[in-house]
Amino acid sequence: MIRKGFIYTITIDDIGHKGEGVGKINGIPVFVDGGIPGDELKIRTTKVKKNYAFGELKEILKPSKDRVTPRCPLADSCGGCQIMQMDYTAQLKIKKNRVQETLKRIGKIHSPVFDVIGMEEPYEYRNKAQFPIGWKGNRPVMGFYRSGSHEIVDTNRCFIQDPVNNKLLSFMKGFILDYGLSVYDEHTGKGLLRHFITRVSQWNGDVMVIVVLNGQEIPHQETLIKEILQLEPKIKTIAVNRNLKKTNVIYGEETEVIYGEGYIVDRLGEREFMISPRSFFQVNSIQTEVLYKTALDYCDLTGEETVIDLYCGIGTISLFLTEKAKKVYGIEIVPEAIEDAKRNCRLNGIENAEFLLGKAEEEAPKLFEQGVSADVVVVDPPRKGCEEKVLETIVEMEPKKIVYVSCNPSTLARDLEILEGKGYETKRVQPVDLFCHSAHIETVTLLTKRG
Ligand SMILES: C[S@@+](CC[C@H](N)C(=O)[O-])C[C@H]1O[C@@H](n2cnc3c(N)ncnc32)[C@H](O)[C@@H]1O
């Protein structure tokens, strides 16, 4: 038994899915923010449930051999990087272990998991910054939230961000002060500026800026455009997004381009991609190329296959697949992303792809009813994984291979178990580190049809 508010000594032996250290007291798992495997800690229990508990780190009694001084001075308080105090090689080992254990525990999948493909230089990799804007004392604050809270940890230099994103962050804070702009307050629902989003093409340096407003327009808009362009001439698009709701959801429905073409262009492999303000594009371009090349390898195409790419976004994986498939269908729910996917086909001179707007769980069954079947299906769903209807339709189509790209090992495990129960076998599981220093991990899995 564990008691709340008491001091304990604990040895951390794992990390949880939010990056917290996990150890056991009297056989009960206890989650401790800031603990890493191998640490011996003095903690105070803050919350005790029947089967688990939470503790607050009081003192590191004996540090883990993998403990390092994080490059970022805010690493302990900021919720952006949860495991920066761990040596990078150890991070990769622990992530592999987490994928393996999650597949076993949730999905009863015992296939071996390959070593995680990590980055040579795991810093400044993020092409996109998405900073909430707040106010503290007499100045604006911008940064990631503190772990498990909505308190903004103010920063001027985030070590995993592309330097251009940091430069624009500092500029925006100065502009807010200079022109007395108001900042959104989550509690009252009042104030104008909500989020500041910047995205840089790590191929040609093009930059996009989006300001999310609780209102219609930015005061001194023309001055903002002039000054920000003086600072960063590679800005190709500036947009405002209007979100008037009292909600944690970042974007509202309405986006208006107030400067430029309304997109930037990035390149992955041999393909170029136009990206609009609301379209999904992986945040780590270097590792995304590794991820997609692995997915393409697993598809092992000969040029004769029809491939369906579910949850296709702006067609990034689809366009990789067109190199080697006869025909590719992409399905995606966001209209702007589908428009981008079609434009991206034209941009790359691709004629063997077709993109359908709608929910994967509705459009895939329709496609099947129309007589379209797939030799290979690729899925890359959001964190909640695939809808059951999607998995059912895939099974009915009887593809020889399914390639599952996932950003959440738990829902991957759940979905793999369903597919294994319906005649598929998990053959290869390759994690790729797209989110260095955070607890997240991306995985490509190959399943083949039994018999
Ligand atoms: C993890 S992203 C993958 C996008 C793309 N494959 C890529 O790598 O850039 C998941 C995508 O699924 C889309 N999405 C979410 N729910 C969906 C649904 N029910 N049907 C189709 N697409 C959906 C999102 O808009 C997003 O573009």
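Order of listing sets the numbers, starting from 1, for every ligand and every atom in it. None of the values given here were measured: they were computed from a predicted structure.
- Less than 4.0 angstrom separates some heavy atom of P381 from each of these atoms of ligand 1: 1 (C).
- Near T316, meaning under 4.0 Å from any of its heavy atoms, are these atoms of ligand 1: 5 (C), 7 (C), 8 (O), 9 (O).
- The aromatic ring centres of Y184 and H195 sit 6.0 Å or more apart.
- In E387, neither the side chain nor the backbone holds a heavy atom less than 4.0 Å from any atom of ligand 1.
- In this structure, K342 forms no cation-pi arrangement with F355, as its terminal cationic atom is not both closer than 6.0 Å to the ring centre and no more than 45° off the ring axis.
- With a 6.0 Å cutoff to the six-membered ring centre and a 45° limit on the axis angle, R343 counts as a cation-pi contact of Y263.
- N348 and R271 make their closest contact through OD1-CA, 3.4 Å (heavy atoms, listed as atom of the first residue, atom of the second, distance).
- For atom 7 (C) of ligand 1, the candidate residues are F320, F273, Y292, F281; the nearest heavy-atom contact is made by Y292.
- At a 4.0 Å heavy-atom cut-off, ligand 1 touches D380 through backbone and side chain alike.
- If you number the atoms of ligand 1 from 1 as listed, the ones under 4.0 Å from a heavy atom of V334 come out as 25 (O).
- Ligand 1 places these atoms under 4.0 Å from at least one heavy atom of G358: 20 (N), 21 (C).
- Seen from the ring of F114, R428 does not count as a face-on cation partner, given the 6.0 Å and 45° thresholds.
- Closest to atom 14 (N) of ligand 1 by heavy atom, among D309, I333, L291, is I333.
- Closest heavy-atom approach to atom 20 (N) of ligand 1 among the candidates A360, G313, C312: A360.
- Here the two rings, on F31 and F54, have centers that are under 6.0 Å apart.
- The distance criterion of under 3.5 Å between nitrogen or oxygen atoms is not met by K359 with respect to ligand 1.
- Protein heavy atom at the shortest distance from atom 15 (C) of ligand 1 is P382 CG, 3.6 Å.
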